[in-house]
There are 2 protein chains.
Amino acid sequence: MSFATHLKSLALVATCLILSAQTDAQEMTYSLAIHGGAGTITRDRMTPELEAAYREKLTEALRAGQTILAKGGAALDAVSAAITVMEDSPLFNAGKGAVFTNEGRNELDAAIMDGATLNAGAVTGVTRIRNPILLARAVMDKSPHVMLAQEGAEEFAREQGFELVNPLYFWTERRFKSLLAVQAEDSHALYLDHDETHKYGTVGAVALDAHGNLAAGTSTGGLTNKMWGRIGDSPIIGAGTYASNRSCAVSGTGTGEYYIRLTLAREVCALMEYTGAGVQQAADTMIHERLTGLGGDGGIIVVDKDGNIAMSFNTEGMYRGRVTSAAPEPVTAIYKDE
Amino acid sequence: MSFATHLKSLALVATCLILSAQTDAQEMTYSLAIHGGAGTITRDRMTPELEAAYREKLTEALRAGQTILAKGGAALDAVSAAITVMEDSPLFNAGKGAVFTNEGRNELDAAIMDGATLNAGAVTGVTRIRNPILLARAVMDKSPHVMLAQEGAEEFAREQGFELVNPLYFWTERRFKSLLAVQAEDSHALYLDHDETHKYGTVGAVALDAHGNLAAGTSTGGLTNKMWGRIGDSPIIGAGTYASNRSCAVSGTGTGEYYIRLTLAREVCALMEYTGAGVQQAADTMIHERLTGLGGDGGIIVVDKDGNIAMSFNTEGMYRGRVTSAAPEPVTAIYKDE
């Protein structure tokens with residue numbers, strides 16, 4: 001073979017590789033939705049600067065997940081990546097920026113679930129883990145358990161090589177002032193929050209990847225002034241977090257006790273699996289009929305096995321965003337009328 | 001009116017009251033089922049004395065619940081009463097007789113749910129509460145929360161007037177030897193249990209009362225040698241415990257992680273509500289198809305809104321019992337072929 005023929009062959013191979021890569025990229029269908037909490041979020045409570053900051057951070061979280069999904073990465077990894085961005089931001093009630101308990105601590109909960117295997121991991125009441133969603137992932141991947149609590153969860157984290165941060169890492173003036181304001185009014189107040197835009201500031205993500213796998217994750221600092229080691233819905237598989245490739249992936253934010261009593265996240269999937277409900281119908285049934293019917297507030301994000309996204313909430317607003325292979329420009333929203 | 005007429009009137013009223021009371025008693029329809037754990041329970045592993053002790057204690061638990069139900073009492077109270085009997089007995093892995101954690105402690109979990117209101121209460125990781133089921137009930141009735149953990153739950157208990165017992169109250173030689181035997185083989189062994197008759201020794205009860213209300217409750221010491229603050233299915237509403245007047249009440253015992261991933265207890269009810277499955281069919285689907293399919297072991301007891309009882313397990317045996325207004329003589333069973 002001549003040198004010129006060699007060159008031609010090489011060029012042909014290179015072209016094929018490029019075309020093949022492009023084709024792969026085009027075939028990577030995915031859907032990703034995130035939330036950063038629901039509550040009394042209205043335009044008159046918001047400054048343009050704060051709104052811009054939220055939209056920017058939500059977009060960053062979407063991009064972090066999208067980067068993984070667009071390369072054919074796993075829904076689980078996209079969910080972790082998106083949530084990690086929000087945990088690291090003081091804007092949201094998860095990780096850095098978590099609210100304070102009655103005793104002035106930041107106690108964090110998180111859960112993640114793999115729709116392909118129904119594997120799941122969760123942690124509750126951790127105080128020294130920078131990214132609780134990553135510890136939940138480790139519980140799923142590296143332990144025979146689903147749910148670990150408090151110091152025990154941190155001992156597992158240490159064994160797994162997680163850095164244990166000084167709890168002061170989670171301290172923010174804004175949240176601490178919220179605690180003081182609540183306690184000034186009523187030292188046992190549990191659902192009051194003077195920072196109404198963050199009444200339920202949990203963060204979460206749901207994703208469908210190119211392999212057809214669904215995943216869901218949720219992370220939270222819980223309720224301002226919470227007492228008695230209260231565990232909310234976020235780390236409870238079936239309540240605030242659920243995923244099954246047979247139907248959908250769900251993450252919730254709201255009055256957690258109602259989500260637990262309704263096994264709300266799982267129920268969205270059950271409605272789809274057993275009654276043939278569409279994703280929006282299933283989401284609306286759980287939020288606008290069941291949750292509202294019991295007297296609870298909040299919202300959910302859902303992605304179904306075909307990549308359809310539904311978001312439903314009965315509060316004034318919910319920080320949220322979406323990006324899909326079909327509409328690859330991230331879209332964020334905050335208010336009800338968006 | 002003469003004195004004699006007075007007397008006659010009084011006698012008539014008294015007769016009416018007695019008749020009415022008898023009629024009421026006859027009309028008190030109820031169903032109660034209990035379990036004391038599932039596992040490799042076979043006749044060759046059992047002595048006649050031990051078997052008799054189990055049957056006697058199961059009967060006592062059934063009688064405790066029946067006494068309440070026969071008088072028109074609440075399903076919730078019957079469930080609490082039956083579980084309290086089993087918690088107080090060292091025969092079962094709940095309350096007195098609980099297994100030991102890796103660190104040689106007894107950490108107890110319990111949950112209770114009211115099918116009429118979907119109210120629920122649960123505690124996890126308590127070490128000083130004699131009857132965790134009663135604390136779960138207090139969480140439901142006296143707090144705005146569903147689930148409290150560890151020291152926080154005990155602080156709530158103290159505020160509610162519960163006696164905090166010395167943790168040594170829960171120490172039993174049999175369970176301590178089990179821990180030592182497990183650790184002698186593998187200090188991290190999580191699912192081994194040399195006392196195979198108690199692999200999953202959780203206790204539970206489900207009831208339908210004369211008012212048509214359903215309730216479910218579960219109490220456990222968890223797994224021998226458990227680590228890292230592991231939380232199983234028993235205190236997770238929807239996993240090991242669920243009740244809804246729309247369908248049924250469920251309590252489970254088994255490899256808790258699988259129950260959590262399947263939201264197994266709720267799913268029995270969901271199958272009844274959404275697919276029209278009967279109670280035995282729904283129970284069998286969850287145990288013999290879904291749980292077995294994922295690789296999990298265990299059983300459930302279920303009572304539906306019409307008082308039908310189903311018990312399903314994929315282990316060699318399950319300590320169990322039932323009593324109803326139609327068959328008011330308690331019946332107990334242990335082995336698969338009973």
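Any value given below was found using the heavy atoms of this structure, including those in side chains, with hydrogens, waters and symmetry copies removed. Naming convention: chains lettered A, B, ... in sequence-line order (proteins, then strands); numbering from 1 in each chain.
Rounding to the nearest 0.5 angstrom, the gap separating the CG atom in A:D233 from the CE atom in B:M147 is 12.0 Å. A distance of 11.5 Å separates CD1 of B:I237 from CG of A:L262, quoted to the nearest 0.5 Å. Atom CD1 of B:I260 is separated from atom CZ of A:R266 by 15.0 Å, given to the nearest 0.5 angstrom. A distance of 12.0 Å separates CD in A:E273 from OG1 in B:T275, rounded to the nearest 0.5 Å.
Interface remark: B:E154 contributes no atoms to any contact with chain A (heavy atom separation under 4.5 Å). Heavy-atom distances place the side chain of B:T124, and not its backbone, under 4.5 Å from chain A. Contacts of A:R290 with chain B are made by side-chain atoms alone, with heavy-atom separations under 4.5 Å and no backbone atom involved.
Contact record, A:R261 with B:T117: NH2-O, 2.9 Å, taken as the closest heavy-atom pair. The shortest heavy-atom contact between B:G238 and A:T263 is CA-CG2, 3.6 Å.
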Discussion item. Using the rule given for side-chain contact (heavy atoms from CB on, under 4.5 Å), can you reason through A:E267 versus B:E267, listing the C-alpha separation, both sets of side-chain angles and the distance that settles it, and then say yes or no?
Written reply: CA-CA 9 Å; A:E267 205 72 2; B:E267 205 73 3; 5.8 Å; no
Worksheet item: Which is it for B:W228 and A:E159 under the side-chain hydrogen bond (donor to acceptor under 3.5 Å, both in side chains) test, yes or no, and what are the steps along the way?
Response: CA-CA 10 Å; B:W228 306 316; A:E159 291 179 22; 3.3 Å; yes
Item to complete: Give the intermediate values and the outcome of side-chain contact (heavy atoms from CB on, under 4.5 Å) for residues A:Q150 and B:E151.
Response: CA-CA 11 Å; A:Q150 301 190 12; B:E151 288 83 358; 3.9 Å; yes
Discussion item. Show, in sequence, the C-alpha distance, side-chain angles and deciding distance for A:L148 and B:I231, and conclude whether the side-chain contact (heavy atoms from CB on, under 4.5 Å) test is met.
Written reply: CA-CA 6 Å; A:L148 303 181; B:I231 300 176; over 6 Å; no
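Between chain A and the residues B:A149, B:A270, B:A122, the largest count of heavy-atom pairs under 4.5 Å involves B:A149.
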